[in-house]
Amino acid sequence: MNNLTLIKNAHVFAPQDMGRQDVLFAGQQILAVGHHLDVAGDALHVVDGSGKLLLPGLVDSLVHITGGGGEGGFHTRTPQMNLTDATLGGVTTLIGALGTDATTRTLTDLLAKAGALCTEGLSVYCYTGSYQIPARTITGNITDDIVLIDKFIGIGEVAIADHRSSQPSARELMRLASEARIGGMLSGKAGIVSIHVGEGASRLALLEQVVRESDIPASQFYPTHINRNLDLLEAGMAWAAQGGFVDMTTSTNAQFLAEGEIPAAKALAMCLQRGVPVSQLTMSSDGNASLPLFDSQGRLIGLEVGQVASLYKAMLEAVQQYAVPLPQALTSVTLTPARILGLTGKGRIASGADADLLLVDDDTLAIDSVYAKGRQMVAEGVPLVKGTFE
C-alpha cells in the first residue's frame with residue numbers, strides 16, 4: 001500500500017474527545033484510529049503528534065468562491081477565493097454559492113471554480129440558484145440541476161427579509177423547496193435550501209409560514225446570518241425548537257458589530273446556553289462575500305470582503321472567550337454542517353472517513369498542519385500547496 005501516513009500520539013477530537021490516539025490514512029481515506037497502531041513499511045510516513053491536537057478539517061457551508069458583491073457597481077465586485085484562503089484557515093470542505101449578483105456571476109463559472117479548487121486539493125460542492133426567485137439554474141429546473149449535476153447538493157442562498165431579495169411569497173418558496181427536496185431524494189443528496197436572512201422585520205416569518213402551511217419540514221431549510229441582531233437570534237432559537245437549523249456568520253466588521261450584530265462565537269454560546277442542541281447549530285464564513293454598508297435609505301456607502309479564515313477564528317473565540325467546550329465548538333464547524341449537507345465522509349475522524357485533518361498546538365490551538373483528502377497542504381503554518389495563480 002502506497003502513501004501511508006501515521007500520525008502518532010496526538011490528542012484526537014473527532015470531534016468528540018477520544019484522548020491520545022494514532023491515526024493511519026492512505027490516499028484520501030482514514031484507515032484506522034486506535035492506540036499504538038503497529039504499522040511498518042518503506043512507504044510509511046510517521047508524524048509525531050505529541051503536544052498537538054488532531055481535529056477534523058472544517059466544513060464551511062457558505063463561501064462565495066467566485067466572489068460576490070457589486071452592489072456599488074462593477075468595480076465593487078469582490079475577488080474570487082484562493083486556495084490558501086481556505087487551507088491556512090483549516091477549511092478543507094466548502095460549499096460555493098452565488099448571492100446578489102447572478103448576472104455577471106454565473107452558475108457555470110461557479111462550477112468551473114469549484115472544479116479548479118478540487119483539482120488544487122479541496123473538496124468543493126455548490127448550490128444552484130442565487131438570491132432570486134425564480135431560481136437561476138443550468139438545466140432549467142431545480143430538481144434536474146440537483147439530480148444531474150454532481151456538485152449541486154441544494155439551492156441557495158435564497159434571500160428573504162432583505163431589500164435585495166425578490167420578495168418571494170410563501171407559495172413560491174414552497175415550490176422551490178419542494179423541487180430541491182425531490183432533487184435530493186432522487187440523487188441521494190441533501191437537497192437543502194440555503195436561506196440568506198436579511199435585516200428585515202419579518203425575520204423568519206416566511207419560513208415559519210411555509211412549514212405551517214405545507215408538508216415541508218423545517219429541516220429542509222438552512223437559514224444563515226442569524227446572528228445579525230438579538231431579535232433575529234431569538235427568532236432563530238425559536239426556529240430551532242421547531243426542528244430547524246441555525247447558522248451564524250463569522251465574517252463581520254466593526255460597523256456591523258456596533259449596529260448590534262452578535263459575534264458568531266457569542267451567538268453560538270448563547271444558543272447552547274438556551275438548550276439548542278449543537279446538532280442544529282453551525283457557523284459559516286460567508287467568505288469572499290461583500291460586507292456592504294448601507295445608509296438609512298438603502299444606499300451603499302462602503303464595502304468590505306468576507307474571510308474564509310474567520311471560521312476557525314470564531315471557533316477559537318467560542319472556546320477561549322465564551323467557554324464553549326472544544327468538542328461542541330468544533331462540532332458546529334465540522335460534523336453538524338457535514339450532516340446537514342449530507343456529506344457522510346466529512347467532519348469527523350473515523351475509519352472510512354475522508355482524510356481531512358488539522359494538527360494544532362494543544363495550548364494555543366494555532367494551526368500547524370492541514371491535510372485535505374490525505375494531501376498535506378500546510379506545514380508549520382506555511383502553505384506547501386498554493387493555488388495555480390497564487
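Atom CZ of R164 has more than 12 heavy atoms from other residues, nucleotides or ligands within 6.0 Å.
Using a 4.5 Å cut-off between side-chain heavy atoms of Ile, Leu, Val, Met, Phe, Trp and Tyr, I30 falls into a hydrophobic cluster with I7, V12, M18, V23, F25, V33, V47, L54, I349, L357, L359, Y371.
Using a 4.5 Å heavy-atom cutoff, the side chains of R274 and E234 are in contact. No side-chain heavy atom of I226 sits less than 4.5 Å from a side-chain heavy atom of D247. Looking at heavy atoms from C-beta onward, Q16 lies out of side-chain contact with T331 at the 4.5 angstrom threshold.
Between D356 and K346 a salt bridge is recorded (basic side-chain N to carboxylate O distance below 4.0 Å). Salt-bridge annotation for D231 and R203: present, with a side-chain N of the basic residue lying under 4.0 Å from a carboxylate O of the acidic one.
Take Q80 and apply the side chain to side chain donor-acceptor pair (under 3.5 Å) test, not counting sequence neighbours, and it matches K113. Applying the side chain to side chain donor-acceptor pair (under 3.5 Å) test to S290 and every residue at least two apart in sequence or in another chain returns E71.
Between the side chains of T84 and N82, not a single donor N or O lies within less than 3.5 Å of an accepting N or O. Using modelled atom types, one finds a donor on one side chain and an acceptor on the other under 3.5 Å when comparing T282 with Y222.
For the side chain to side chain contact (heavy atoms under 4.5 Å, CB included) with V39, the lone residue among V46, D22, L44 that qualifies is L44.
Between H196 and H225, the ring planes lie perpendicular to each other; the angle is over 60°, past the 30° to 60° tilted range.
In this structure, CE in M174 is found 7.0 Å from CD1 in I216, a value given to the nearest 0.5 Å.
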